[in-house]
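Just below is one structure, and these are the notes that go with it.
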Amino acid sequence: MVSDSDESADLSWLLNDDETQLSPCIQGRSNETVQDVASTSSLMPHFLAMGFAREMITKAIEESGDGNSESVLDLLLIYSSLDGTTSRNEDKAESDENRWEDDASSDFDEMDLELEMAGQDSISNKLQFLVKMGYDQDEVSSAIQRCGENASVFELADSIYAAQTEKEEEFGDCDPSSAHEQKDEDKYDPFLHDHKRQRFDDGASSTHRNDNQKHGHLKWAYGRPSTTIRRHEGGGDDDREAELFLPNSMVGFGLPMDPKRQLSRELPDVAQCPPFFYYENVALAPRGVWDTISRMLDDIPPEFVDSKYFSAACRKRGYIHNLPIANRFHLKPVPPQTILEAFPSNQAHWPEWDKRTKFNCLQTVVASSKLTEQIHAELKAHPNPPSPDVMKRVMKECRKWNLIWIGQNRVAPLEPHEVEFLLGFPRDHTRGISRTERYRSLGNSFNVDTVAYHLSVLKGIYPNGIRILSLFSGIGGAEVALHRLGIKMTAVLSVEKSLSNRNLLNSWWKETGQEGELQEVDDVRKVDDAILECFIRRHGGFDLVIGGSPCNNLTGSNRLHRVGLQGEHSSLFYHYYRILSRVRYLMGKH
DNA sequence: TCAAGGATGACAATTGGT
DNA sequence: ACCAATTGTCATCCTTGA
């Protein structure tokens, strides 16, 4: 129930201490240029808070020349999208073997070298970066002219796409009469291109960026701590009901059974054109990560959802998408909502002092036998029920490792098929690969019921089938969700690095008798215009671009390399952005 | 395949001050 | 009673070396 009028209210109360610390930098952005040394040094904590490495920031500040925070950010994002490793510049002289494993990366390496040589010229950097991303050089040049030299790479990419859209309009590819319907969210037209682009057209990019930044906080109001919001909403009985909609309950735009769920929202103009896209990642990422992701994906605020409202296991995730949100429906049959409903046979051994009703997030690894044996030994040695101290220790491990009771005083991790069940996959979906692999692939996957709830709106829109680009497909959570929704997949381009996962998806595709064409690619970095254009020529385009990029460097479970979006794996997010941009451009061209 | 390995951030509860 | 600061509790799509 976060309406626009609420959002436009005074939001200074949303800013916590960390954010007030950032304000000098944000203010710095609103100035045309920030050249004094004091302001430049203030950029460091700002970008550190965004998750960039210190060396990378130092390099970016040096190379940006003018110390303008916006050009520094551009450089940082360019570095990040080139390679996650921040130390690579010191390693320049060394061999390249540990950087990219395949040929697809070689042009990025060249690009990096060129960046080195280009030195101070950030305009040239941007131009080269965008050309390397696949944009036409002339188009980039005119975009720089339109947006000004200070425009960020996002704005430039955005502007190029806008120009394409407008060109398309001139050729009459789009029916202007349908433009009147776009206000009506319930009648979302997936083929409606937006013509009223004015976000970056006046060239005052830095002030716009500033507005976007502030707006970002506005839109994130529902993502803030409930204590603050509750205070804001005032007292009375409404508080009880309001809690359902509060951010920390992570219900997104509302649950299926909730009559007061939000039914419409205002999407940025740029997001109101095909294809639909759906992006997923862990909700509890380091500070600033979702801000960056959101900024790159049309400034759409994430929909944070905990899958505990859809299954017997928690799964806190953020989803950024441009799907309509009215008329969502729940996948049938509705899965068991509690642990004991899911596994009734374990009730006999479940001690009454284990009050869990939901599992925590299902992870990629499970508890060792040593741990479960320790617990067994400890409980056996103590009276029943055990002392509060023992009880507390046991419960801590049970919660941490999602253990279930399989006998008197005996606990065990979930079996792979039980994890499949909890996540909404068919039984033995991952069978055939090693046990360890199964846990890892499942732990990295979607919760099918949650994703299907979001995707259910597509059923009415595409009665004849859907063409999808599935990035980071994994074991095919998106495909399974669409299949279970009864949405026919006429063509799928699936990108997944793991061979065993690709094999799984392939077998599932055949076993379930899919009539559509499944094309598999092994690396997002190999997805170029040629591949995309080939698919588009063959099938006419994409209806949905879906995927969740690696969370390895974002999740709290990673004790060693939780370094944020620029991490080795998580930086692949930028390829999601790149590919989505290319798909939009190429579809506009055809 | 197993076992061992903390840090970060959200939130609740508490404290301490006015 | 209120606000701010502090402390406590809890959860987290994991990596590495053996």
Side-chain angles (χ1 to χ4, degrees), chain A residues 13 15-20 48-49 51 220 223-231 235 243 246-250 279-290 304-308 311 313-319 355-356 358-374 392-393 395-402 413 416 419-420 422-425 430 433-448 450-451 472-475 477-478 498 501 547-564 567-570 572-573:
Chain A
W13 53 274
L15 296 173
N16 58 29
D17 290 339
D18 288 342
E19 285 159 336
T20 44
L48 281 174
W220 284 61
R224 294 295 169 191
S226 66
T227 47
T228 320
I229 290 191
R230 211 174 287 141
R231 209 179 303 143
E243 274 179 32
L246 288 177
N248 64 344
S249 53
M250 283 208 194
Y279 175 81
E280 178 259 13
N281 215 321
V282 288
L284 304 176
R287 277 205 171 89
V289 166
W290 275 108
F304 290 112
V305 183
D306 189 337
S307 293
K308 72 178 178 183
S311 81
C314 297
R315 208 168 185 77
K316 296 176 182 63
R317 296 293 180 270
Y319 305 88
K355 305 289 186 192
R356 287 177 299 163
K358 302 271 186 187
F359 289 113
N360 280 331
C361 185
L362 303 169
Q363 309 250 358
T364 54
V365 285
V366 291
S368 63
S369 53
K370 188 184 169 189
L371 177 69
T372 55
E373 278 164 22
Q374 268 179 6
K392 194 178 170 185
R393 213 161 46 237
M395 281 314 300
K396 193 182 167 186
E397 297 299 335
C398 285
R399 270 192 261 267
K400 183 176 177 183
W401 293 103
N402 282 323
V419 180
E420 287 167 349
L422 289 168
L423 288 174
F425 287 92
T430 59
I433 56 178
S434 80
R435 198 180 163 81
T436 314
E437 279 283 298
R438 291 181 76 178
Y439 284 124
R440 179 156 60 226
S441 292
L442 285 162
N444 282 320
S445 178
F446 285 161
N447 176 292
V448 172
T450 308
V451 172
F472 313 102
S473 301
I475 56 176
S498 155
N501 283 346
S549 62
C551 70
N552 307 30
N553 307 115
L554 309 180
T555 172
S557 311
N558 191 338
R559 305 183 177 195
L560 296 171
H561 310 290
R562 194 191 190 191
V563 293
E568 184 188 355
H569 304 285
S570 296
L572 291 174
F573 157 74

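Throughout, protein chains are lettered first and strands after them, A, B, ... in sequence-line order, and every chain is numbered starting at 1. FYI, side chains are in, hydrogens and waters are out, and symmetry mates aren't considered; it's all heavy atoms of this structure.
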With the side chain defined as heavy atoms from C-beta on, Asn558(A) is closest, among dC14(C), dC13(C), dT12(C), to dC14(C)
Could you list the residues that satisfy side chain to side chain contact (heavy atoms under 4.5 Å, CB included) with Pro550(A), not counting sequence neighbours? Phe472(A), Asn552(A), His569(A), Leu572(A)
Looking at dA3(B), dT15(C), dC13(C), which one has an atom nearest to any side-chain atom of His569(A)? dT15(C)
Identify which one of Leu442(A), Val448(A), Thr450(A) satisfies the side-chain contact (heavy atoms from CB on, under 4.5 Å) criterion when paired with Leu423(A). Leu442(A)
State, without any angle test, whether Ser307(A) and Arg315(A) hold a side-chain donor-acceptor pair at a distance under 3.5 Å. no
Is there a side-chain contact between Gln363(A) and the phosphate of dC14(C), meaning an N or O under 4.0 Å from OP1 or OP2? yes
Can you list the residues that meet the salt bridge (charged side-chain N to carboxylate O under 4.0 Å, His left out) rule with Arg435(A), with sequence neighbours excluded? Glu415(A)
Nearest to side-chain heavy atoms of Ser368(A), which nucleotide of dA4(B), dC14(C), dA3(B): dA3(B)
Closest to the Arg562(A) side chain, choosing from dT8(B), dA4(B), dG5(B): dT8(B)
Mind checking what makes salt bridge (charged side-chain N to carboxylate O under 4.0 Å, His left out) contact with Lys355(A), not counting sequence neighbours? Glu352(A)
One thing to verify: whether Arg440(A) and Glu437(A) come together as a salt bridge, which I'm taking to mean a side-chain N less than 4.0 angstrom from a carboxylate O. yes
Output yes when at least one side-chain N/O atom of Arg317(A) is less than 4.0 Å from OP1 or OP2 of dC13(C), else no. yes
When the distance from CZ of Phe304(A) to C1' of dT12(C) is rounded to whole Å, what number comes out? 15 Å
Categorize Cys361(A) for me: base, sugar-phosphate, or nothing, with a 4.0 angstrom heavy-atom threshold over every strand shown. sugar-phosphate
Taking only the side-chain nitrogens and oxygens of Asn360(A), find out if one of them lies under 4.0 Å from OP1 or OP2 of dT12(C). yes
Listed by chain and number, what are the ring-ring contact (aromatic ring centres under 6.0 Å, His included) partners of Phe425(A), not counting sequence neighbours? His429(A)
For the side chain of Cys551(A), starting at C-beta, report the closest nucleotide among dC13(C), dA4(B), dA3(B). dC13(C)
Closest-nucleotide mapping onto DNA chain B: is Ala285(A) or Ala367(A) further toward the 5' terminus? I mean the 5' end. Ala367(A)
Between dT9(C) (P) and Met395(A) (CE): distance, integer Å: 16 Å
For DNA chain C, produce a single dot-bracket line, 5' to 3'. Pairs: Watson-Crick or G-U wobble, both distances under 3.5 Å. Symbols: ( ) within strand, [ ] crossing, | other strand, . unpaired. ||||||||||||.|||||
Just to be sure I understand the rule, does Ser549(A) reach a base, reach only the sugar-phosphate, or reach nothing, if contact means heavy atoms closer than 4.0 Å? base
Contact under 4.0 Å: His561(A) side-chain N or O vs dT16(C) OP1/OP2: yes
Sequence neighbours excluded, which residues qualify as ring-ring contact (aromatic ring centres under 6.0 Å, His included) partners of Tyr319(A)? Tyr278(A), His454(A)
Which whole-number value in Å describes the distance from Leu560(A) CG to dC14(C) P? 13 Å
Taking 4.0 Å as the cut-off, does a side-chain nitrogen or oxygen of Thr555(A) come that near to OP1 or OP2 on dT12(C)? no
Tell me whether the OP1 or OP2 atom of dC13(C) has a side-chain N or O from Asn552(A) closer than 4.0 Å. no
Between C1' of dT12(C) and NZ of Lys358(A), the distance in whole Å: 18 Å
Provide the distance between the two C1' atoms, one in dG5(B) and one in dT12(C), to the nearest whole Å. 15 Å
Would you say a side-chain N or O of Thr436(A) is under 4.0 Å from OP1 or OP2 of dT1(B)? yes
Is any side-chain N or O of Ser434(A) closer than 4.0 Å to OP1 or OP2 of dT1(B)? yes
Would you please confirm or rule out a distance under 4.0 Å between OP1 or OP2 of dT12(C) and any side-chain N or O of Ser557(A)? no
